[in-house]
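Reviewing the structure listed below.
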Amino acid sequence: MRNIILIIIITIAAAALLPSFNTGAEPAPPRREVVNLRYWTAPEHTRIVLDMSSESVYQVSRRSGPDRIVIDIPKGRLAAGLRKLNVGDGVVDGVRVNRLSSGAQVVIDLPVMSRYRHFALKPNNIHPRHRIVIDVKRIMTVTEKRRKTEKARKVAQSGDYIVIIDPGHGGSAPGAASRYGPSEKYYTLPLSKMIAEEIEKHRGFKAVLTRSGDYDVEWHRRIEIAAEHGGHCFVSIHINSNRNRRIRGSEIYFLSPEGATDMHATAVAERENMQIRMESRGERIEGDAGQILFEMMRNQALNQSSILAEHLADEFKQIGSIPFHDVRQANFIVLQGTAMPSALVEVAYLSNKSDVMQIKKKSVQREVAKAVASGVVSYLLENPPEKMEKRPIRLAVHTVSSGETLSGIAKRYSCSIKDIKSLNNIGNTSLIRAGQKLTVYTKAE
Ligand SMILES: [Zn+2]
């Protein structure tokens with residue numbers, strides 16, 4: 001009897017340890033099977049995603065006559081009923097599959113050969129499957145490129161207050177999931193469009209969205225779009241999620257390079273950052289920030305960001321349908337590198353039923369949009385950017401030579417040891433080694 005109980009306990013324990021996507025009674029899918037094909041058209045690329053049953057070895061090659069990108073999965077299989085994709089967006093004609101004796105083959109047909117990149121992604125708490133991702137770049141003519149820059153320059157020089165609204169996630173990155181409705185990306189875009197509409201109702205204000213459709217935008221591209229359009233402030237729109245389904249309400253965040261105000265803020269930043277890391281494989285991230293050499297009015301922007309967050313909070317306190325928590329600070333990747341006052345709004349909790357019921361209502365969305373718009377407008381009117389002290393600070397990369405010390409490097413660039421430590425994730429040690437690359441602040445001319 002004791003043995004039986006023991007076996008039952010072990011079985012329960014083993015089942016509890018299995019990831020949630022693998023607990024069903026269905027037999028495990030065969031290894032290296034292409035389960036599904038998906039695509040998203042973005043302004044600058046088309047993303048093709050192969051959902052795989054397991055981690056898979058694959059090779060990508062380009063072929064011509066006709067132009068195509070071929071993904072070979074040796075010993076791979078194709079799921080029954082796997083249908084080809086008709087894309088036809090000017091970048092990709094379509095995606096088809098071939099069953100070969102050597103394995104599975106996925107062919108991306110192109111109207112013209114383009115640059116592409118590929119990477120594999122492991123499952124996470126949002127995507128239960130392994131994935132192979134291929135991004136095919138859109139080829140832009142010189143005229144198209146010029147027209148695009150011209151358009152952004154016109155906005156930047158319009159003399160209006162420019163507000164950048166950043167709809168969180170998009171495309172293959174759905175954001176937080178919810179048991180009560182669609183995932184985060186389905187709320188952030190319509191909400192951001194509504195916010196832009198509300199902002200433009202104010203004379204002398206223009207809103208620019210970092211994405212206008214359901215597609216992936218890398219975090220640094222979001223920041224570039226903000227800079228190109230001469231943004232005066234940046235507001236990223238998200239919907240929160242928590243394991244505790246009782247937690248609800250809205251929260252406003254601004255950047256803290258030193259760390260979060262509390263455990264809750266750390267968890268929220270970690271969730272959002274984890275998704276950015278997943279979504280931006282192969283791209284520059286955090287530690288490489290020095291290579292971007294973006295201009296940062298750091299102390300100024302941070303100080304202003306806290307004022308912007310307070311203005312937003314004052315408006316959110318008036319919303320009756322969703323309770324407001326407070327303003328918090330945490331280290332969000334998407335807020336790093338914005339040379340302008342910036343904030344991140346977590347509008348509600350997708351893990352809380354009452355919050356979802358509210359945020360699904362158009363009237364509540366309108367209320368939230370008006371709150372963001374009023375907060376941003378009152379902030380900019382009271383803190384006009386012209387009055388901001390212009391003290392641009394740049395980031396640079398310093399390679400340590402032998403014999404150099406942290407204090408010596410700090411002195412050379414007129415930045416503090418604390419700055420160097422936080423920029424490079426150096427803990428309590430003062431030890432550096434020759435050849436080590438350190439990101440430092442340096443005063444711009
Ligand atoms: Zn988010």
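Fair warning: this is a prediction, and the values are worked out from it, not measured in the lab. When a ligand or atom number is given, it counts from 1 through the structure's own listing order.
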Open item on the list: Less than 4.5 Å apart, side chain to side chain, heavy atoms only: is that true for R129 and V35?
Closed with: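 R129 vs V35: side chains touch.
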
Task: Any side-chain heavy-atom pair of W40 and V49 under 4.5 Å - done: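 Yes. Closest side-chain heavy atoms under 4.5 Å.
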
Open item on the list: Treating E184 as the side-chain partner and I239 as the backbone partner, does any N or O pair qualify as donor plus acceptor under 3.5 Å?
Closed with: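 Yes, the answer is positive, given that a donor and an acceptor are paired below the 3.5 Å cut-off.
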
Open item on the list: Has S53 got a side-chain atom pairing as donor or acceptor with E33's backbone, closer than 3.5 angstrom?
Closed with: yes

Open item on the list: Tell me how many protein N, O or S atoms are within a distance shorter than 2.8 Å of the Zn ion (ligand 1).
Closed with: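 Step by step: take the Zn ion (ligand 1), keep protein N, O, S below 2.8 Å, and you get 5.
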
Open item on the list: Classify the ring geometry of Y161 against H232: parallel below 30°, tilted from 30° to 60°, perpendicular beyond 60°.
Closed with: perpendicular

TODO: Name the orientation class of the two ring planes belonging to H398 and Y413 (parallel below 30°, tilted from 30 to 60°, perpendicular beyond 60°).
DONE: perpendicular

